[in-house]
Amino acid sequence: MATALKFVAPENKAKTFIEGKHQILINGKWVEAASGKTFPSYDPATGEVIAQVAEGDREDINRAVSAARTAFESGPWSRLTVSERGRLIWKLADLLEANTEEFAEIESLDNGKPLKVARAADIPLAVDMFRYMAGWATKIEGSTIPISVPYTPGTRYLAYTLREPVGVVGQIIPWNFPLLMAAWKLGPALATGCTVVLKPAEQTPLTALRLGELMQEAGFPDGVVNIVPGYGETAGAALAAHPDVDKVAFTGSTEVGRLIVQAAAGNLKKVSLELGGKSPNVVFSDVDLDSAVAGSASAIFFNHGQCCCAGSRLFVEDKVFDKVVEGVAKKAEKIKLGSGMDSNTDMGPLVSEEQLNRVCGYLDSGLSEGAKAVTGGSRHGDKGYFVKPTVLVNTNDDMKVVREEIFGPVVTAIPFRTSEELVAKANNTEYGLAAGIWTHDIQKAHRLASQLRAGTVWINCYNIFDAALPFGGYKQSGWGREMGREVLEHYTEVKSVCTPA
Ligand code: NAP
Ligand code: MG
């Protein structure tokens, strides 16, 4: 592995973990893949292999689902009180928090994101998600319901609902926020009493595996959470199609989201999806332009643009268009690219060679169709998977760079004149995940917030997340919501009980 890297986590824990064995967690045991195969995980700053990971496929998924089923039906998990369940989740949060440095280093090295970002955002948000969900474990309630039943005059009934766990859940997560996506998925499953088979992304399996160790340390019973690293086409597809999985929760591309829905049709398992986006970020001329420029740059460049909610279409009122574009381009030029593990780095590499080629392909397509790069527009350097933060202008609505999710540090800036024109353009997308609005006109802000077809609208801010705030997409950006009390609905069934009383 890349021995020149400087690890600072106490006792060299990240280095020790990365250099150790990376197996599959099934029923509380770490095991090799049934096939004996492994696959590499890379440092995207150099392209070097940092770890070999057991490559789970259908057979491992079968074993993991069977362990999750037993833990759900008859294991100690099903006998825990809700208070005990909540305390275990809270303990996991404490352990994760205590190991923040280690997790930040593993995440930074495996994914490429700056260590300082992993430390300040990914890990604390994951900790907070577990704490928030620990609180819910004791508050998942049904209700008593007064009923009349017109065809049984004179009989009174006692009727109530129970909210019960949906069962065995398959969770398939992406590489852009590896640990955080695991926390978003595991938190509600554990709070509601489900059991889980989790498949991390092939590019970034490491923090999920380390989290599995912490779950054992916290005392989760065997089989409650099983973790099967492997490829989407094999392990992921087997999980989505498995007849004994009650629900599948997926975050990733809209294209694979469709495959998940098809695979789930076999046993009509419940499905929740958090998919792509092409989110509009709108700047009006009445706003403090400095903060709008800074916020708009961060809306697209945070996490190298590898955010499903990235503000990738920047709409600017025409009278301040040049000024805002110049401001965002200047911010882009100041961003220091480098290895995520370097403390001076503002932006790391994209996660993989495939993503590098994808994003560069979009740049080539946009530029050849007549778009102009005010800054950036190409790969950075010739080692690692770096792309220059890019601002494109002179685009039109038919270009792929305007219509499709690029998932890289590339924003298209588009002028508009009236709010009506803006709303039509902003909503002219198959996606509906998020939107940003920058204005000091309070009525305009709220009017627009209701007119934009998106699951999250940020006013005079962007990328503000909280475990209590639901997140998810309109249109082809997904089904259902992550976080907040809303997510609990996707992990529970409602049972109506009634008796003459
Ligand atoms: P992806 O293929 O959708 O990957 C997401 C997860 O789904 C990974 O765990 C993946 O496994 C798994 N998967 C892939 N094919 C599957 C299948 N047939 N059945 C079940 N699971 C499957 O995303 P990607 O290829 O990494 O990235 C491509 C594009 O997706 C990006 O450029 C971006 O536009 C979008 N994306 C969106 C998000 C988001 O947060 N909404 C996150 C990541 C990517 P493997 O890791 O083995 O492929
Ligand atoms: Mg990696």
Side-chain angles (χ1 to χ4, degrees), residues 37 39-42 44 53 55-58 61 110-111 113 122 170-178 180-182 184-185 197-206 208 227-242 245 248-266 269 271-279 302-310 312 350-362 385 387 400-401 403-410 430-434 455-456 463 465 471-473 476-480 482:
K37 286 196 222 162
F39 68 100
S41 196
Y42 300 92
V53 179
E55 184 194 322
D57 62 21
R58 179 179 301 276
I61 290 289
D110 207 16
N111 165 281
K113 67 178 63 200
D122 295 64
Q171 303 188 318
I172 301 172
I173 55 172
W175 42 258
N176 51 346
F177 295 90
L180 184 58
M181 292 302 102
W184 280 17
K185 293 276 185 280
V197 176
L198 175 78
K199 192 206 86 67
E202 73 191 56
Q203 297 85 351
T204 55
L206 297 181
I227 305 175
V228 185
Y231 291 113
E233 295 75 13
T234 52
L239 187 55
H242 201 292
V245 168
V248 61
F250 169 79
T251 296
S253 59
T254 296
E255 188 191 346
V256 174
R258 283 200 184 84
L259 296 177
I260 300 285
V261 171
Q262 285 162 13
K269 59 175 67 66
V271 179
S272 52
L273 304 169
E274 205 258 276
L275 306 174
K278 193 72 184 174
S279 298
F302 175 65
N303 212 42
H304 326 169
Q306 301 171 134
C307 292
C308 44
C309 54
S312 51
L350 299 190
V351 74
S352 64
E353 189 173 4
E354 189 185 347
Q355 282 304 115
L356 172 71
N357 292 335
R358 230 179 102 92
V359 173
C360 290
Y362 274 113
Y385 313 134
V387 169
K400 266 172 46 168
V401 287
R403 282 185 290 111
E404 296 180 16
E405 180 175 52
I406 298 176
F407 227 63
V410 182
E430 66 195 31
Y431 294 114
L433 195 56
T456 294
N463 280 335
F465 295 96
F471 179 80
Q476 293 185 41
S477 287
W479 288 354
E482 307 269 8

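Start at 1 and go down the list; that is how both ligands and their atoms are numbered. Note that the structure is predicted; figures quoted are calculated from it, not measured.
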Inset, instruction - Verify, without hydrogens or angle tests, whether D57 (side chain) and T234 (backbone) share a donor-acceptor contact under 3.5 angstrom. - result: no

Inset, instruction - Over 60° means perpendicular and under 30° means parallel, so classify the ring planes of F39 and Y231, tilted if in between. - result: tilted

Legend entry - Partners passing side-chain hydrogen bond (donor to acceptor under 3.5 Å, both in side chains) against K199 (at least two apart in sequence or in another chain): none

Inset, instruction - Anything under 30° is parallel, anything over 60° is perpendicular, the rest tilted; go ahead and classify F407 against W175. - result: perpendicular

Legend entry - Check: E405 side chain, G277 main-chain N or O, donor-acceptor pair, under 3.5 Å: yes

Atom pairs, nitrogen or oxygen, ligand 1 to protein, under 3.5 angstrom:
unit_1: ligand 1; atom_1: 3 (O); unit_2: S253; atom_2: N; d: 2.8
unit_1: ligand 1; atom_1: 3 (O); unit_2: S253; atom_2: OG; d: 2.7
unit_1: ligand 1; atom_1: 9 (O); unit_2: I173; atom_2: O; d: 2.8
unit_1: ligand 1; atom_1: 9 (O); unit_2: K199; atom_2: NZ; d: 3.2
unit_1: ligand 1; atom_1: 11 (O); unit_2: K199; atom_2: NZ; d: 3.1
unit_1: ligand 1; atom_1: 11 (O); unit_2: G232; atom_2: N; d: 3.3
unit_1: ligand 1; atom_1: 19 (N); unit_2: G232; atom_2: O; d: 3.4
unit_1: ligand 1; atom_1: 19 (N); unit_2: A237; atom_2: N; d: 3.4
unit_1: ligand 1; atom_1: 26 (O); unit_2: W175; atom_2: NE1; d: 2.5
unit_1: ligand 1; atom_1: 32 (O); unit_2: Q355; atom_2: OE1; d: 3.3
unit_1: ligand 1; atom_1: 32 (O); unit_2: Q355; atom_2: NE2; d: 3.2
unit_1: ligand 1; atom_1: 32 (O); unit_2: R358; atom_2: NE; d: 2.9
unit_1: ligand 1; atom_1: 32 (O); unit_2: R358; atom_2: NH2; d: 3.1
unit_1: ligand 1; atom_1: 34 (O); unit_2: R358; atom_2: NH2; d: 3.4
unit_1: ligand 1; atom_1: 34 (O); unit_2: E405; atom_2: OE1; d: 2.8
unit_1: ligand 1; atom_1: 40 (O); unit_2: N176; atom_2: ND2; d: 3.3
unit_1: ligand 1; atom_1: 41 (N); unit_2: G252; atom_2: O; d: 3.2
unit_1: ligand 1; atom_1: 41 (N); unit_2: L275; atom_2: O; d: 2.9
unit_1: ligand 1; atom_1: 46 (O); unit_2: E202; atom_2: N; d: 2.7
unit_1: ligand 1; atom_1: 46 (O); unit_2: Q203; atom_2: OE1; d: 3.4
unit_1: ligand 1; atom_1: 47 (O); unit_2: E202; atom_2: OE1; d: 2.5
unit_1: ligand 1; atom_1: 47 (O); unit_2: G232; atom_2: N; d: 2.6
unit_1: ligand 1; atom_1: 48 (O); unit_2: E202; atom_2: OE1; d: 3.2

Inset, instruction - Assert yes or no for the condition that the ring centre distance of F471 to W184 is strictly below 6.0 Å. - result: yes

